[in-house]
Amino acid sequence: MAVHTELIRRLADDFTALEEAVLRQVNGVGAPETAAALEDPALVGPVTVVLAHADVLARGAVRRAELAVQPPERLRRLRAQARTVRRARSQAEARYKKERARRIGRPRPVEPLELRVVRTAFPSSFHELLRQELRGAGLPDGSPHAPESDLARWAWERATDGRDMPAAVRELLDRDDEAFVQALLLDAREEENPLLPHDAVVERWSRHTRTASAWGRYAIGQAERDVLACPPTARRAQLDALGDAYQDAAVLAARSREAQLRATDLHDRMQACVASAPFAEVVAQCRAGALARFKHSQPEAWRRVRDLTVQHQADCPERSDGCRRCHGTVAEILADEPLAGQQEDGEREPSVPPSSAHDDRYALLADLPETAVVAVADAALREDAAVCGYGWASEEGSTGHGDSMAASSGEAEVIGICAAALSLLERHQGVPVVLLCDSTEAVDAVDSALRAADPGAAHRTLLFPESRQLLDRLVRHRDRVQVRWLKGHVGHDLNETADAYARLALRRATGHVSAAMARKEAARILRTFGSVQHHSPAAA
């Protein structure tokens, strides 16, 4: 046992040794003592970190081999290895979740069933009443079940006596978001930052790892473009640069996973703090007070809750355990009753008549001027390299497609909208242009920017300079442009054409189809689109 303890300690302290041990085990060549050590609960989280790193590297090896035009047999081996690592990563994540559930699965006192039913069936009302109780007790707003809430933080700060924050930690926290992300990139690419795991920083670290990782994928996309710009026989230097980009992305992935683990651990400790004395007693009193307020404010709903819980507990085999998991079952019964069909202010939800795809399709355009040019834009994203393809098709027969860089599907769709609108604005002088898109995120982002006359209004969706520059150009024409949501892939001819162009553009941008084949495929899509237009009374 002492041998295993020393091995566990060494693996926990040495990232490279742990990764090598995990990969040997994944490939079926690990030593028995190493296999036993890797089963220790202390290594469950770190194993997910090294597999996040190995997963990116394995996919990078496949991509480099594809671009280097390696023999088919080598490609098959690399792809098989990448699948093996991805499968091991998924299994490790599942094991971590199971181990965490076991670790924090200490039984908590069971609240009265009526309280749990009210909280589940009438969440808005109950949470407002709970906020009133919390304020009355001099506590901050928040749900005791959410570790990131003000209430949990209030308890945590008092339990930790409001410890002083080191000046270096304060300086890191005072940076704006862009500077903070730059610190994360330096942490991954140059030298590990010892301040990031600090309790005061770790939540922000975890939140911003997605942005830092997106910049890592951006570097991969740019490096791939450089590779594809060279003939296969002259790609050595560019392939080396692509390998470096994948190395950086792998470190970013590992640090992102580490940040998630540390933030989860902090939340677990905060939750335990809220659930322990003296904070638990205060929270329990506030919940009981909120339930009393509910009885007074909604007596009819309370009587029904009380009747259902009494009926349920009369026959429930788990009543001796307090019906620990039964509140959802009772709340579902309430949801099916007329009372639950009303809003919590007492007004019944208006019924919405069912509509067909045909109704959705044409209602969108009913209020537009006859001169308006209508088009649909779509996009496709290769997430591990931040490369996207976009395509569009208009009611009057024009189409277009291209590629760019995007951190998310929403950003890719914004690029498609902007590229289509700018092209149509140039083609049709003086008439309104309406762009339809099946991404609510993209429609909301562009619409917000147009209404505010400020591209910055879409900053939450847009990360890379390509999309920001396009939106900046589009905002100058805001008086002639509208964007609207369109239900995707329900037979809209323009939508299907735009989608086909977007997928083709992505395949071309990533080198999966030659320029000649791409031209033939684009011509085929255009012929199909023209044929549909010819036989259809309306294209949109």
Side-chain angles (χ1 to χ4, degrees), residues 15 49-50 52-53 55-57 59-60 148 165-226 240-264 266 381-388 404-412 414-415 441 445 449 454-472:
F15 181 92
V49 175
V50 299
H53 183 265
D55 182 27
V56 176
L57 290 182
R59 286 185 282 120
E148 66 276 12
M165 192 182 303
V169 172
R170 169 54 60 194
E171 186 277 328
L172 182 60
L173 284 175
D174 286 344
R175 298 185 186 186
D176 62 26
D177 287 349
E178 185 174 344
F180 190 84
V181 169
Q182 288 300 317
L184 300 189
L185 293 173
L186 288 174
D187 165 81
R189 294 170 176 169
E190 296 186 13
E191 184 178 6
E192 197 168 295
N193 189 332
L195 302 177
L196 294 176
H198 191 282
D199 280 350
V201 182
V202 69
E203 288 178 300
R204 191 178 186 196
W205 180 23
S206 181
R207 285 197 308 272
H208 286 283
T209 55
R210 182 184 297 271
T211 301
S213 295
W215 282 110
R217 297 193 302 273
Y218 186 88
I220 290 174
Q222 296 284 37
E224 278 196 5
R225 282 182 168 180
D226 293 340
D240 289 344
L242 178 60
D244 292 342
Y246 267 105
Q247 289 282 354
D248 289 343
V251 177
L252 284 165
R255 292 293 274 168
S256 174
R257 183 64 186 130
E258 182 182 351
Q260 293 168 7
L261 293 177
R262 291 182 180 276
T264 298
L266 174 62
L381 177 69
R382 182 176 161 224
E383 294 185 0
D384 63 338
V387 177
C388 72
S404 188
M405 306 287 287
S408 65
S409 59
E411 185 169 18
V414 168
I415 290 171
E441 179 186 2
D454 178 13
H459 73 280
R460 293 186 180 278
T461 298
L462 307 186
L463 178 62
F464 296 155
E466 290 83 351
S467 58
R468 294 185 175 188
Q469 290 166 8
L470 282 171
L471 187 57
D472 181 64

> For S206, does its backbone N or O pair with a side-chain atom of T209 as donor and acceptor, under 3.5 Å?
Replying inline: yes
> Does the pair E171/R175 count as a salt bridge with the N-to-O cut at 4.0 Å?
Replying inline: yes
> With no hydrogens and no angle check, is any side-chain donor or acceptor of R189 less than 3.5 Å from a backbone partner on D248?
Replying inline: no
> If you round to the nearest 0.5 Å, how far is CG of L266 from CG of D199?
Replying inline: 5.0 Å
> Is the distance between the ring centroids of F464 and W215 less than 6.0 Å?
Replying inline: yes
> Do you know the tightest heavy-atom contact between V49 and F15?
Replying inline: CG1-CE1, 3.8 Å
> Which pair of heavy atoms, one from A263 and one from V202, lies closest together, and at what distance?
Replying inline: N-CG2, 3.7 Å
> Do side-chain atoms of R170 reach the backbone of M165 as a donor and acceptor pair under 3.5 angstrom?
Replying inline: no
> If only atom types and distance count, is the side chain of S256 paired as donor or acceptor with the main-chain N or O of L252 below 3.5 Å?
Replying inline: no
> Going by an N to O cut-off under 4.0 Å, is there a salt bridge joining R59 and D55?
Replying inline: yes
>> Working to the nearest 0.5 angstrom, can you tell me the gap between N193 CG and L186 CG?
In response: 9.0 Å
> NE2 of H459 to CG of D454: how many Å apart, nearest 0.5 Å?
Replying inline: 10.0 Å
> Side chains of L463 and T211: does their closest heavy-atom pair fall under 4.5 Å?
Replying inline: yes
> Atom OH of Y246 and atom CG of L57: how far apart are they, to the nearest 0.5 Å?
Replying inline: 10.5 Å
> Can E203 and R207 be said to form a salt bridge (charged side-chain N to carboxylate O under 4.0 Å, His left out), step by step?
Replying inline: CA-CA 6 Å; E203 288 178 300; R207 285 197 308 272; 5.5 Å; no
> Sub-3.5 Å donor-acceptor pair from the side chain of R217 to the main-chain atoms of A407, do we have one?
Replying inline: yes
> Would you say the side-chain atoms of S404 and E466 include a donor-acceptor pair closer than 3.5 Å?
Replying inline: no
> Taking all atoms of both residues into account, what is the closest heavy-atom pair of D177 and R204, and its distance?
Replying inline: OD1-NH2, 2.9 Å
> What are the two closest heavy atoms between W205 and L196, and how far apart are they?
Replying inline: CE3-O, 3.4 Å
> Can you tell me how far CZ of R262 sits from OG1 of T264, rounded to the nearest 0.5 angstrom?
Replying inline: 12.0 Å
> Taking it one step at a time, do V169 and V201 satisfy side-chain contact (heavy atoms from CB on, under 4.5 Å)?
Replying inline: CA-CA 7 Å; V169 172; V201 182; 3.5 Å; yes
> Where is the tightest heavy-atom contact between L471 and A458, given as atom of each residue plus distance?
Replying inline: CD2-CB, 3.7 Å
>> Within this structure, what is the CD-NE2 distance for the pair Q182 and H208, rounded to the nearest 0.5 Å?
In response: 12.5 Å
> Of all heavy-atom pairs between A245 and A223, which one has the smallest distance, and what is that distance?
Replying inline: CB-CB, 4.4 Å
